[in-house]
Amino acid sequence: MKSNLDYIKLSERFSARNYLPLPVVLTRAKGCWVWDVEGNRYLDMLSSYSALNQGHCHPVILKALKKQAARLTLTSRAFHNDQMALFLQKLCRLAKYEKVLPMNSGAEAVETAIKVARKWGYYRKKVKKNQAKIIVCKNNFHGRTTTIISFSSESQYRDGFGPFTPGFKLISYNDPDALKRAIDEKTVAFLVEPIQGEGGVVIPDKGYLKECYKICKKNNILFIADEIQTGLGRTGRLFACDYEAVKPDILILGKALGGGFYPVSAVLCDDEIMDVLNPGDHGSTFGGNPLASAVAIASLDVIIKERLVQHAEKMGNWFMKELKKIKGKYIKEVRGRGLLIGVEMKRPARTYCEKLMDSGILAKETHKFVVRFAPPLIIKKSELNWALPRIEDILAR
Ligand SMILES: *Cc1c(COP(=O)(O)O)cnc(C)c1O
């Protein structure tokens, strides 16, 4: 039997060094729990950055995946398949949009939204050719493609990867006036995360999204929400924008849409925007494939049937209240919405995450000083109760 260390050594030999994982090698999972190769059990409080809202290996999604995998997995978009339309219909009805464009990874969906917004800008808003500008926020995280890192404010994400894609303007987050000031006749869209997840669970002031949406409408600019991490129940609403009753012009989803089984992402908007795309304008070999579609249908069904949105709100409110009771001289702030919670420390969070791992809890630092707690939305109060004294023991140090 190989140990954690054996696999880690092997990985270090053959893997690019683009990650610094916690030193644990997982081999099996069920619900909120994962096991390493040495038989140790951990509570997963990261959920693969919210891609596992439904929990690990959910039996309903597993069944759908197995059934579809034995029947038809890939057609490419050169032909129709009998799963994609059903997936798109379900997602449109749930999110209340007229059209969906299915992709695979989150970054691809962001790229897709950028392309749609730019084309809308040229063909509908009549912005001068190749002049379109998209406004984005400092401290954003929208993925890792060359275009997306072109508008990152994180120097490490950009260092060594230029030249960059032009056409983006960075403004401060949580500042509607900055948005007003940044707009000119070339502006086609404002791309924003309703909560900055990777940025350290940064929650804007109440009314921020609504105000920005109004500014966008007044100036004929598309409001694009990246809900790849915050969407599908994570924050205690189906979408984090629901808190302010904002319906984005373009909504970007990913992560939990694949139920932890398969990469599935999507861009949603109404006809008048999606209509700018013509056959051949955009595509993906795997986007909308029948296996992805069947998995996504089951993933959405689980969220609705198990009332995970309501559950996330209830568990999140309670868990955050308990976390706030923890007294520790290095705790700066506890903040969150639903089950997307960050504890900001006064010292680097990595050490705390390593200690949490040793006591059976997997969490990951984000933005250096923040320990993020974002367990699967199926988590039970008893499981959170198991975790709390362990978390307290470590964060109070
Ligand atoms: C994870 C994430 C992405 C990128 O998704 P990938 O599937 O990793 O490409 C984009 N935006 C947000 C807000 C995310 O959390």
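Atoms within each ligand, like the ligands themselves, are counted from 1 in listed order.
Note on residues 363-389: pairs passing salt bridge (charged side-chain N to carboxylate O under 4.0 Å, His left out), not counting sequence neighbours, are E198-R372, R350-E365. The salt bridge (charged side-chain N to carboxylate O under 4.0 Å, His left out) analysis of residues 91-107, with sequence neighbours excluded, yields the pairs K99-D271.
Across all non-hydrogen atoms, the minimal contact from F373 to A363 is CE2-CB, 4.1 Å.
Atom-to-atom distance recorded for L43:CG and I361:CD1 is 6.5 Å, nearest 0.5 angstrom.
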N/O to N/O under 3.5 Å, ligand 1 against protein:
unit_1	atom_1	unit_2	atom_2	d
ligand 1	7 (O)	G106	N	2.8
ligand 1	9 (O)	G106	N	3.4
ligand 1	9 (O)	A107	N	2.8
ligand 1	11 (N)	F141	O	3.4
ligand 1	11 (N)	D226	OD1	3.4
ligand 1	11 (N)	D226	OD2	2.7
ligand 1	15 (O)	Q229	NE2	2.8
ligand 1	15 (O)	K255	NZ	2.6

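The residues D393 and K355 are annotated as not salt-bridged, no charged nitrogen and carboxylate oxygen being separated by less than 4.0 angstrom.
Under the rule for a salt bridge (charged side-chain N to carboxylate O under 4.0 Å, His left out), D159 has no partner lying at least two apart in sequence or in another chain.
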